[in-house]
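See structure below.
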Amino acid sequence: MSTPGATASHPDTATDPEAAAALVDRAYRLILGRAPDPDGLAYYTHQLRSGELSDRQLCAALASSDEFAGRLSPGEDAASGGTASSEAMSDVREAAAREPGFVDAAELARAATVEDLAATAEAYFSSLDDTELLLTKPFKEPGEAADLLVTFGQVLRGLQPAAGMTVLDFGAGTCWTSRMLTQLGCRVIAADVAPSALELGRVLFRRQPVLGDRPEPEFLTFDGHHLDLPDGSVDRILSYDALHHVPNPDQVLGEFARVLRPGGLAAFAEPGPEHSLQPQSQYEMRHFGVLESDVVIERVWDRAREVGFADLRLCLLESSPQWVDLPTFQDVLSGRADGSVFPEPTRAAIGDRRMFVLHREGVETPDSRAADGLAADVVLSDVDVTAGDDAAVAATVRGTCLLRNTGTRTWLPSDARYGPVFLGARVRTADGSLSDRLADSGGRIALPGRGVAPGEEVTVAVHLDVPARLGDGTGAAPVAVEFDPVSEFVCWFSVNGSTPATVPLP
């Protein structure tokens, strides 16, 4: 369901100062109802020409200004989004509608069936002669790459994936997001209405295979109505620039709620409530028949609550930062900067983008596949240290170790594929360095049982032969052994502040 659309400035503004100035003048007249003042004209013209501001960011900045807010009527409808009155935004829409070739996204969604729009997407991808550029996404060009990577990074924070989780990548298109999630160890189901897009995704995975032992991705053709997945079968859903192409978002949100497990998360990166008016959106709808709907978060949340989502969180991050000189930077840090520097540009960027997370009703138990919240008390008793009886063994350490889970995450059992917790042993040498050279020779002691919940305790027997010399090429001799719980390939608990048990060697 991903399409060839991109965020871009007006094609002439970077090279033609008159075109940039004309665009600023037009934006002022449409949004503020007046000609630009000289300072505003000079500032925004420079921003457009330097590439620091796109045309839609210009419109968002004016729409979030104090002057525009002052035009709000006393009876402003909160459902309009809080940045513009219905009357004012109606004026903007009416002005846009008078433009030659204007496409009304709502009318397009009403006139075309789900099947029509799915066929349009398939026709686009199947007709491509040269797919090389599409397969380079998100690295097609530097400006787009910067925006995509920053946005993807923040949506990834909201998604909170963990290795082994099943993630539905909705509207995956050519699957660049699917590949990144697979590299993180997720079992990815890449879904799209266009089979030809998914075939390009298969090509991407073949040409750029992920590293290490990772689950194989699954490719799922979506019929536009029903996800061919069992109820409660996925842990996470990612919709990266996909929901605004959907003509039936209410039905799709219902499907998301159905296939998500209780407590699961659905993370979105979508454009804002005036997306359909942007030149790029109009171009896509006019020339390709692609639906470029507005995303009104209040409507999304109303429907999400109806189908079983319990919480909504929105990201305030500005994905297009301001680059300022040192004095201005210092003013921002100290709070002396005026609103023209910060946070007005942030408000403008927020107005242009909606990054949000929906939390499915229910509780998801956090576990040891992530580092935050991993903590333990480590108590070693009945310790017996004997000198080695040959040149290869420096000492043998025996004892009993009591581990108490003092964190917020359940420790997965030691035979789990992802995030297994062991009692780990590392040796410290005379120079103070710490080595994990025991990992393959007794340095991982499996915990009994099928996991340890917060507040629970577990006891393990310790029997460890410590080598006389480390096999790291330095020949260093160990002087102590540290026993510290470890979630394999995640972290040692001491990284989070837990205190390991240290045993000096003779």
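Residues take their numbers from the sequence shown, with the count starting at 1.
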Of the non-hydrogen atoms in Ala191 and Leu168, which two are nearest, and what is the gap between them?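 The answer is CB-CD1, 3.7 Å.
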Of all heavy-atom pairs between Pro138 and Met180, which one has the smallest distance, and what is that distance?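 Looks like CG-CE, 4.1 Å.
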Apply salt bridge (Lys or Arg N to Asp or Glu O under 4.0 Å) to [X] and list each qualifying residue two or more places apart in sequence or on a separate chain.
{"X": "Arg236", "answer": "Glu364"}
{"X": "Asp37", "answer": "Arg34"}
{"X": "Glu115", "answer": "none"}
{"X": "Asp250", "answer": "none"}

Does any pair with a residue in residues 129-155 pass ring pair (Phe, Tyr, Trp, His ring centres under 6.0 Å), and if so which ones, sequence neighbours excluded?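 Qualifying pairs: Phe152-Trp176.
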Count the heavy atoms belonging to other residues, nucleotides or ligands that lie under 6.0 Å from [atom1] of [X], then report whether that count exceeds 12.
{"X": "Asp302", "atom1": "CG", "value": "yes"}
{"X": "Arg313", "atom1": "CZ", "value": "no"}
{"X": "Arg417", "atom1": "CZ", "value": "yes"}

Between Arg353 and Asp241 (salt bridge meaning N to carboxylate O under 4.0 Å), is one present in this structure?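 Result for this pair is yes, salt bridge flagged.
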Taking 4.0 angstrom as the limit, do Glu132 and Arg207 come out as a salt bridge?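 The answer is yes: the pair qualifies as a salt bridge.
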Salt bridge (Lys or Arg N to Asp or Glu O under 4.0 Å) contacts touching [range] (sequence neighbours left out):
{"range": "residues 101-111", "result": "Glu107-Arg110"}
{"range": "residues 256-266", "result": "Asp231-Arg258, Asp235-Arg261, Glu255-Arg258"}
{"range": "residues 162-191", "result": "Arg187-Glu218"}

Answer with yes or no whether the side chains of [Y] and [X] bring together a donor and an acceptor at under 3.5 Å.
{"X": "Gln280", "Y": "Glu284", "value": "yes"}
{"X": "His244", "Y": "Ser293", "value": "no"}
{"X": "Thr328", "Y": "Asp325", "value": "yes"}
{"X": "Ser196", "Y": "Glu122", "value": "yes"}

Which value, rounded to the nearest 0.5 Å, describes the distance between Thr408 atom OG1 and Leu374 atom CG?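 The OG1 atom of Thr408 sits 7.5 Å away from the CG atom of Leu374.
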For the atom pair CG (Leu243) and CD (Glu270), what is the distance rounded to the nearest 0.5 Å?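 It comes to 5.0 Å.
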Kindly write out the residues that satisfy ring-ring contact (aromatic ring centres under 6.0 Å, His included) with Tyr28, not counting sequence neighbours, or none if the list is empty.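 Residues passing ring-ring contact (aromatic ring centres under 6.0 Å, His included) with Tyr28: none at all.
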For Tyr283, give me all partners under ring-ring contact (aromatic ring centres under 6.0 Å, His included), at least two apart in sequence or on another chain.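 Testing Tyr283 for ring-ring contact (aromatic ring centres under 6.0 Å, His included), a comparison that skips the adjacent residues, returns His287.
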Residues in side chain to side chain donor-acceptor pair (under 3.5 Å) contact with Thr120, at least two apart in sequence or another chain: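 Not a single residue meets the side chain to side chain donor-acceptor pair (under 3.5 Å) criterion with Thr120.
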Who pairs with Asp116 by side chain to side chain donor-acceptor pair (under 3.5 Å), at least two apart in sequence or on another chain?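 Partners of Asp116 under the side chain to side chain donor-acceptor pair (under 3.5 Å) test: Thr113.
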Treating Arg360 as the side-chain partner and Gly264 as the backbone partner, does any N or O pair qualify as donor plus acceptor under 3.5 Å?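 It does not hold such a pair.
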Under 6.0 Å between the ring centres of Phe268 and Tyr240?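 Phe268 vs Tyr240: aromatic centres not under 6.0 Å.
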Ring centers of Phe256, Phe309 separated by less than 6.0 Å: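 For Phe256 and Phe309, the ring centres are not under 6.0 Å apart.
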Here's a test for you: under side-chain contact (heavy atoms from CB on, under 4.5 Å), which of Leu135, Asp129, Leu133 qualifies with Thr131?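 The side-chain contact (heavy atoms from CB on, under 4.5 Å) with Thr131 is passed solely by Leu135 among Leu135, Asp129, Leu133.
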Does the side chain of Leu128 reach to within under 4.5 Å of the side chain of Leu134, using non-hydrogen atoms?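 In contact.
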What verdict does the side chain to side chain contact (heavy atoms under 4.5 Å, CB included) test give for Asp223 and Val193, after you've listed the backbone C-alpha separation in whole Å, the side-chain angles of each residue and the deciding distance to 0.1 Å? CA-CA 6 Å; Asp223 67 6; Val193 296; over 6 Å; no
